[in-house]
Q: 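Before I ask anything, let me first share the structure, which is written out below as structure tokens.
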2 protein chains.
Amino acid sequence: MDQHRSGCPINLTLEILGDRWSLIVIRDVMFGNRRHFRELLGDSEEGIASNILSARLKRLVAEGLLSKSSDPSHSQKSIYSLTEPAIALVPLLVQMGAWGRRYMPVSKELSIRAQLLEEGGPAMWQGFMDELRHIHLGAPAPDKSVLEELQAAYQRVVAEEAAST
Amino acid sequence: MDQHRSGCPINLTLEILGDRWSLIVIRDVMFGNRRHFRELLGDSEEGIASNILSARLKRLVAEGLLSKSSDPSHSQKSIYSLTEPAIALVPLLVQMGAWGRRYMPVSKELSIRAQLLEEGGPAMWQGFMDELRHIHLGAPAPDKSVLEELQAAYQRVVAEEAAST
DNA sequence: ATAACTGATTGCATAATGCAACTGGTTGTC
DNA sequence: GACAACCAGTTGCATTATGCAATCAGTTAT
């Protein structure tokens with residue numbers, strides 16, 4: 001991908017994110033706060049293969065969507081962080097979630113977060129992006145945590161599902 | 001793609017649209033009003049190959065994002081139309097355009113429409129979607145045409161560019 | 001010393017993409 | 001009726017991407 005196919009914004013976004021795994025990786029870093037290779041490898045619903053994950057992480061770092069730093073607690077351990085361009089994908093991911101929720105056979109547990117973000121609107125997205133800037137870029141912490149709110153809602157649905165079976 | 005990887009809305013959207021061509025085809029039908037195979041094949045900036053276009057059209061029809069009908073003026077001619085799920089992709093495409101415009105090396109002519117849609121906000125998107133429902137689904141025509149507005153702005157920028165060289 | 005954990009890499013099969021040529025049919029023009 | 005232009009694709013072949021399982025070398029905890 002040295003040359004671009006065209007200068008169209010939709011096309012250029014597609015050239016970077018238009019495959020079946022890149023946004024899955026970003027989603028897991030963003031919503032699951034998975035920062036290490038093994039976390040991304042093992043804990044994902046979709047089961048990405050290690051060579052694909054390796055290739056994706058490399059490409060996303062090269063494209064400037066992720067940054068890689070070393071974990072002081074373990075000399076071999078790498079931490080992947082979102083960059084500002086990746087954080088700016090929040091509205092796009094919300095729209096993807098909203099569309100999937102409306103037209104695809106989503107599961108209840110895995111769509112509650114998409115629902116909350118859709119209903120929360122741009123104000124909530126901004127709050128979430130501020131929180132991501134805190135977590136990944138060292139910006140000051142916002143007053144309240146959207147991530148915790150989403151996580152709590154997810155746990156609530158999982159508990160409900162478990163209770164009803 | 002018989003079985004889904006997970007019930008996550010983002011993943012499911014990715015399973016259908018996560019490749020380098022599907023959204024290009026939908027973009028051309030939506031914004032360029034290209035309804036025939038040859039129009040989609042030849043007039044695209046990116047130059048899709050005919051076998052890929054053929055495969056994508058088949059898949060998009062099978063997935064319910066496009067519908068195919070025959071043109072009464074030419075027994076062999078097929079017309080592809082957007083379905084409601086495809087029209088519902090407008091906010092997603094707008095976000096893709098907005099992100100690409102901010103972080104990728106877009107060209108001036110090809111990003112003016114993305115800019116107008118981004119600045120126009122949800123009200124403009126709804127107007128555009130109503131117009132698409134008119135064009136593709138036979139719904140009543142809305143008062144004003146967003147498509148014409150976008151096209152006029154595009155022509156204006158092309159003329160400016162031509163004048164300055 | 002050893003076992004578990006770290007971020008990967010390797011080998012191999014299958015699937016997707018890219019490119020160019022070609023097919024079978026239809027329509028309009030002379 | 002002959003002929004060129006147009007229509008929606010298909011075919012063959014090379015390259016690239018994906019999927020899966022096994023493996024690797026260094027690091028840390030017991």
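FYI, side chains are in, hydrogens and waters are out, and symmetry mates aren't considered; it's all heavy atoms of this structure. In the text below, chain A, chain B and the rest are named by the order of the sequence lines, each starting its count at 1.
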Q: Checking contacts here: which listed nucleotide (dT27(D), dA8(C), dT27(C)) is nearest the side-chain heavy atoms of Arg38(A)?
A: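 The answer is dA8(C), which lies nearest to the side chain.
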Q: Nearest whole Å is fine: how far is dC12(C) C1' from Ile52(A) CD1?
A: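 The distance from CD1 of Ile52(A) to C1' of dC12(C) comes to 13 Å, rounded to the nearest Å.
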Q: Please give, in whole Å, the distance from dC20(D) C1' to Arg5(B) CZ?
A: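 Rounded to the whole Å, the gap is 15 Å.
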Q: Base, sugar-phosphate, or nothing: which does Arg56(A) touch, judged by heavy atoms less than 4.0 Å apart?
A: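 Sugar-phosphate contact only.
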Q: Quick one, Leu23(A) with Leu89(A), criterion side chain to side chain contact (heavy atoms under 4.5 Å, CB included). Give me CA distance, side-chain angles, the key distance, then yes/no.
A: CA-CA 9 Å; Leu23(A) 282 173; Leu89(A) 287 171; 4.2 Å; yes
Q: Rounded to whole Å, please give me the gap between CD1 in Ile79(A) and P in dG7(C).
A: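 Distance check: Ile79(A) CD1 to dG7(C) P gives 10 Å.
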Q: Looking only at side-chain N and O atoms, does His36(A) come under 4.0 Å of OP1 or OP2 in dG7(C)?
A: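 It does, given that an N or O in the side chain of His36(A) lies less than 4.0 Å from OP1 or OP2 of dG7(C).
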Q: Please report the distance, rounded to the nearest Å, between NZ in Lys77(B) and C1' in dT26(C).
A: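 Distance, rounded to whole Å: 11 Å.
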Q: Given dA17(D), is OP1 or OP2 found less than 4.0 Å from the side-chain N or O atoms of Trp21(A)?
A: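 No.
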Q: So Ser50(B), base contact, sugar-phosphate only, or nothing? Heavy-atom distance under 4.0 Å.
A: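 Result for Ser50(B) = base.
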Q: Check the distance between dC5(C)'s P and Asp71(A)'s CG and give it to me in whole angstrom.
A: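 For the pair Asp71(A) CG and dC5(C) P, the rounded distance is 16 Å.
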Q: If we only count heavy atoms from C-beta on, is the Lys77(A) to Phe37(A) side-chain gap below 4.5 Å?
A: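 No, too far: nothing below the 4.5 Å cut-off.
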Q: I'd like to know if Glu46(A) pairs up with Arg27(A) as an ion pair, taking the criterion as any Lys NZ or Arg NE/NH1/NH2 lying under 4.0 Å from an Asp or Glu carboxylate oxygen.
A: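 Answer for the salt bridge query: yes.
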Q: Would you kindly give the CD-to-P distance between Gln76(A) and dA8(C), to the nearest whole Å?
A: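 My rounded result for the distance is 9 Å.
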Q: Starting at the 5' end of DNA chain C and moving along, which residue's nearest nucleotide shows up first, Ile48(B) or Glu39(A)?
A: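 Checking each residue's closest nucleotide, the 5'-ward one belongs to Glu39(A).
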Q: What is the distance from atom CG of Leu110(B) to atom OH of Tyr154(B), rounded to the nearest 0.5 Å?
A: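 Output value for this atom pair is 5.5 Å.
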Q: From CG of Asn51(B) over to C1' of dA15(C), roughly how many Å is that when rounded to an integer?
A: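 Asn51(B) atom CG is separated from dA15(C) atom C1' by 14 Å.
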Q: Please report, rounded to the nearest Å, how far the C1' atom of dA16(C) is from the CZ atom of Arg59(B).
A: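 Distance check: Arg59(B) CZ to dA16(C) C1' gives 11 Å.
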Q: Is the shortest side-chain N/O distance from Lys58(B) to OP1 or OP2 of dT10(D) below 4.0 Å?
A: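 Yes, because at least one side-chain N or O of Lys58(B) sits under 4.0 Å from OP1 or OP2 of dT10(D).
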Q: Taking only Lys NZ, Arg NE, NH1 and NH2, and the carboxylate oxygens of Asp or Glu, determine whether Asp71(A) and Arg35(A) approach each other closer than 4.0 Å.
A: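 Salt bridge absent between Asp71(A) and Arg35(A).
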Q: Given dT9(C), is OP1 or OP2 found less than 4.0 Å from the side-chain N or O atoms of Ser54(A)?
A: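 So the side-chain polar atoms of Ser54(A) do come within 4.0 Å of the phosphate oxygens OP1 or OP2 of dT9(C), strictly under.
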Q: Can you find a side chain N or O atom of Lys68(A) that sits less than 4.0 Å from OP1 or OP2 on dA8(C)?
A: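 Checking Lys68(A) against dA8(C): at least one side-chain N or O falls below 4.0 Å of OP1 or OP2.
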Q: Tell me whether the side-chain N/O atoms of Tyr80(A) come closer than 4.0 Å to OP1 or OP2 in dT6(C).
A: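 It does not, given that no N or O in the side chain of Tyr80(A) lies less than 4.0 Å from OP1 or OP2 of dT6(C).
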